Protein chains: 2
Amino acid sequence: MAKIPLPAPRRMLTLRDVSEASGVSEMTVSRVLRNRGDVSGGTRERVLEAARALGYVPNKIAGALASQRVNLVAVIIPSLSNMVFPEVMTGISDTLEDTGLQPVVGVTNYSPEREESVLYEMLSWRPSGVIIAGLEHTPAARAMLQNAGIPIVEIMDIDGTPVDAAVGISHRRAGRQMAEAIIAAGYRRIGFLGTMMPHDHRARKRLAGFEEALAEAGLALEDREFYSGGSALLKGREMTEAMLARSPDLDFLYYSNDMIGAGGLLSCLSKGIAVPGRLGLAGFNGVELLDGLPCRLATMDACRLDIGQIAAEIIAGKRAHQGLGEVVELMPKLQPGDTIRG
Amino acid sequence: MAKIPLPAPRRMLTLRDVSEASGVSEMTVSRVLRNRGDVSGGTRERVLEAARALGYVPNKIAGALASQRVNLVAVIIPSLSNMVFPEVMTGISDTLEDTGLQPVVGVTNYSPEREESVLYEMLSWRPSGVIIAGLEHTPAARAMLQNAGIPIVEIMDIDGTPVDAAVGISHRRAGRQMAEAIIAAGYRRIGFLGTMMPHDHRARKRLAGFEEALAEAGLALEDREFYSGGSALLKGREMTEAMLARSPDLDFLYYSNDMIGAGGLLSCLSKGIAVPGRLGLAGFNGVELLDGLPCRLATMDACRLDIGQIAAEIIAGKRAHQGLGEVVELMPKLQPGDTIRG
DNA sequence: ATGAAAGCGCTAACAC
DNA sequence: GTGTTAGCGCTTTCAT
C-alpha cells in the first residue's frame, strides 16, 4: 500500500507532534512559535519548517489557560443592520490591528436580557476587555462588568454613569442642538418620526433633548409617529405621508435616524413637496448613504469611527486610562445639508 | 473594620470558591452548573445560590480544554457593511440559537491573505465548525480547512469545488438568467456597472454568466464602468451619469449590486429619464432598501436568510450531512420590478 | 448522589 | 540557548 504524503489527521496536532518532528523540546517549539526568548537561528528554522509541513495550528485554549492571557476583546452591540455599528467596528478593528488583540462581536438586538446573556457568555472566555454599547444594563450585567477585573468601555452615549470608562456623545445635547438650529432657521411647526423601540435609549435621549429645547423656545411638537421593524426607508416614506396627510401645516420633520429621513425625503420629492422650501427635514447619524440622495437632509455625525478608535485605545492601554469614571465626550458636528438655511 | 458585603474580587472566581461557599465538592458544583448527572434538589439549590451570590462566571477556557468541546462556530465573511452579510448572520444566529452553539464572526475585507490569517486565528480556538463565504481560498487556507477535522460549509456560491459542503446559488446562472430576461423584454443596447474588486468572485461570475447569455443571443455589452470604495449609492449615481453621457443610446443598465443600482435609479429620476420607458435597470441582491424607492429596479434575491439557515443546520448536525462534497444549490427568484416588462 | 484522581495542551519559572 | 517541572481550572472516569 502506497504511503499517502500528508493524510488529514484525525486528531488535531499538538506541540508534541512538532517537537518530535523537529527533534526539539516542546518548550523550545513553543518559544519559536511565539517569538519569545532566545532561540538559535538553526533550531528556529527547523521548528518552523516542521510546523508548516505538518500544518500545525496552535491550541489557544490551552495557551490561554496556561498563560492566563486571552487576546480577545468582547464587543457588544445592539445590531449589525443599523449601518452605525459596522463603522464603529471598523474603528475598533483598525486600532486593535497592531496590538495583538482581536475583537469578538456579540449582538443583542436591543434586548437587555439578551445583552446579559451575551455578556455572560463572552466573559466566560475571559477576554482582555469589554466594549459595550450604551450605559443602560440590567443590574446583573452591571455587576458582571464591575467584577470582571478588566477594562470596560461603554460607548456611543455619555448621558449616565459608566461602570468604568465611557466614550461617546451626549444624545440629549445632540437633540437640543438640532432643535436650536431648526428654530434658528425659522421653522415653527415641527413633527417627529422615530422608532418605537423602548430600549433604544439613545434615540429616546435625543428626543428628550429636542423637546426640551423646543419648550425653552415656547414650542412643542405638533405631531409624532413611531414605527418598528421593516425596511427603514419604506417606513420613512409611509410615516411621512401619513403624517403630512394628518398634519398638513407642518414645516419641519425631525427623524430619529437618517434612513427613515431618507425615505421621507424621497417621498417628498416624488410628491413634489419642495425641500427645503415648503418643508425642512433632519435625521441623525451622518450616514454615507445620504451623499447619494438628490438633496441633503440635515443630520448630525455621531463620531462613530472616533468612538471605536478611542474605545479600542483605552482597552489596548494606548491611552492613559484615568481609572474609574473616565468619560470621553466627543462633539458631533451638525451638518445643515440643504434643508437648514442659515 | 466593618466587613464589606461583596467586594469586587481581584482575581476571577473559580469552581473552588463556589465549592467552599456551598460546602459541596467542586465536582458536584460543576454538575449543577452544567445540568449534568443526578444532583439532589437540596444541594442543587445551595450551589446555585452560592454561585449567584458570589457572581461566579464559569471559565470556558478551562472547560473547553478539559472536555475537548467548544461551542463556537467560526463564521468568516468579507464585509459587514455590505447589507448582505448581516442577513446571512441572522439566518445563522437564529438556527444556532437552540443548539448551544455560538457564532463568532471574522471579517476579511475581501482580502485572501486576511482571510487566511482570520481563519488561522479562529481555528486556533478549536471551533465546532466553520462557515466561510466563497469557494476561493489560498492554498494554505484550503489546507487548514481540510485538516481541521470539523464540518466546513462554504456559503453564497456553488460554482466551484467545495472543501466539504457548500450552500449557495450559482452566480453564473444568476447572471445568465438576468440577461435572458432582459433580452426577452426587448432590450438590446446594454451597459454594465460594477465593482472593481478583483476578489469579489461572485460579482465576477455573475458578469461572466451575463455576457455568455448575451453572446448566445448575438449581443455584447456596449459599455462598462467600474468603481471601488466610497458610498455605493453616490457611485451608482456618478457612474450612471458618466455612462449615459458617453453612451446615450443604451437602453438598459445592469448593475453588480442593488445599492449602485439604486443610485442609478435616483439619478435617472432626477434627470427626468423615464424608467422603464426610456431605460431599464437591474441590480442584484434583493435588498430591503429597494422597497423604499419610488420605482422598482429588477433584481434577484440571493437567498441570504436560507443560506445562513441551511449552513447552520449542517454545522449543528440537524441536517443529514452527506459527507464530503455535499452541495445545496438554492434557486434565486428574479424580481422583475417595474423595469422589466413582460 | 457524591467524591477523588488524572489529565486536557500549553506556558511560567526556574534549572542547566 | 535549551530542557524540566509544575500547574492553569475545569471535566472525564471511576470509585463509593
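Only this structure's heavy atoms are used, side chains among them; waters, hydrogens and symmetry mates stay out. Keep in mind it's a predicted model, so treat the numbers as computed, not measured.
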When you check the phosphate oxygens OP1 and OP2 of [N], does a side-chain N or O of [X] lie under 4.0 Å from one of them?
X     : N      : result
A/S30 : C/dT11 : yes
B/S40 : C/dT2  : yes
B/T28 : C/dG3  : yes
A/S25 : D/dG3  : yes
A/Q68 : D/dG7  : no
A/T43 : D/dT2  : yes

I need the [atom1]-[atom2] distance between [X] and [N], as an integer number of Å.
X      : N      : atom1 : atom2 : value
A/L33  : C/dG9  : CG    : C1'   : 13 Å
B/D38  : C/dG3  : CG    : P     : 14 Å
A/R126 : D/dC10 : CZ    : P     : 7 Å
A/R69  : C/dC10 : CZ    : C1'   : 13 Å
B/R36  : C/dG3  : CZ    : P     : 19 Å
A/I61  : C/dT11 : CD1   : C1'   : 15 Å
A/L65  : C/dG9  : CG    : C1'   : 9 Å
A/R11  : C/dC8  : CZ    : C1'   : 13 Å

* Can you tell which of D/dT11, D/dG3, D/dT12 lies closest to the side chain of B/A66? ->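 So the side chain of B/A66 is nearest to D/dT11.
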* Of the nucleotides D/dC10, C/dG3, D/dG3, which one has an atom closest to the side chain of A/V24? ->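 It is D/dG3.
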* Closest-nucleotide 5' rank along DNA chain C - winner of A/L15 and B/R46 ->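 It is B/R46 whose nearest nucleotide is closer to the 5' end.
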* For B/G37 and B/A62, take the nucleotide of DNA chain C holding the closest heavy atom to each; which residue's nucleotide lies nearer the 5' end? ->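 The residue closer to the strand's 5' end, by nearest nucleotide, is B/G37.
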* To do: Kindly determine whether B/I307 and B/M156 satisfy side-chain contact (heavy atoms from CB on, under 4.5 Å), including the steps that lead there.
  => CA-CA 7 Å; B/I307 288 175; B/M156 312 307 285; 4.3 Å; yes
* A/E313 with A/R319: basic N within carboxylate O range, under 4.0 Å ->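 Judged by the 4.0 Å cut-off on N to carboxylate O distance, A/E313 and A/R319 do form a salt bridge.
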* Taking 4.0 angstrom as the limit, do B/K318 and B/D98 come out as a salt bridge? ->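 A salt bridge is present here (some side-chain N lies under 4.0 Å from a carboxylate O).
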* **Which residue lies more 5' along DNA chain D, comparing A/G41 with B/Y56 via nearest heavy atoms** =>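 Result of the comparison: A/G41.
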* Asked: Considering heavy-atom distances to DNA chain D, does B/R34 or A/M27 have its closest nucleotide positioned more toward the 5' end?
  ->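 That would be A/M27.
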Side chains of residues 54-66 of chain A: which donor-acceptor pairs under 3.5 Å do they make with residues two or more places apart or in other chains?
from  : atom 1 : to     : atom 2 : distance (Å)
A/N59 : OD1    : A/I61  : N      : 2.8
A/N59 : OD1    : A/A62  : N      : 3.2
A/K60 : NZ     : B/E121 : OE2    : 2.6

* **Sugar-phosphate only, base, or nothing, as touched by A/N59 at under 4.0 Å among non-hydrogen atoms** =>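 Counting heavy atoms under 4.0 Å across all strands, the contact made by A/N59 is with sugar-phosphate only.
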* Trace of the salt bridge (Lys or Arg N to Asp or Glu O under 4.0 Å) decision for B/R46 with B/E49 -> CA-CA 5 Å; B/R46 267 189 304 145; B/E49 172 56 23; over 6 Å; no
* Flag, side chain of B/S19 to backbone of B/L15, donor-acceptor distance under 3.5 Å ->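 Side chain of B/S19 to backbone of B/L15: no pair is present.
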* Determine whether any donor atom in the side chain of B/R31 lies under 3.5 Å from an acceptor atom in the base of C/dG3, or the reverse, and answer yes or no. =>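 Result: at least one qualifying N/O pair found.
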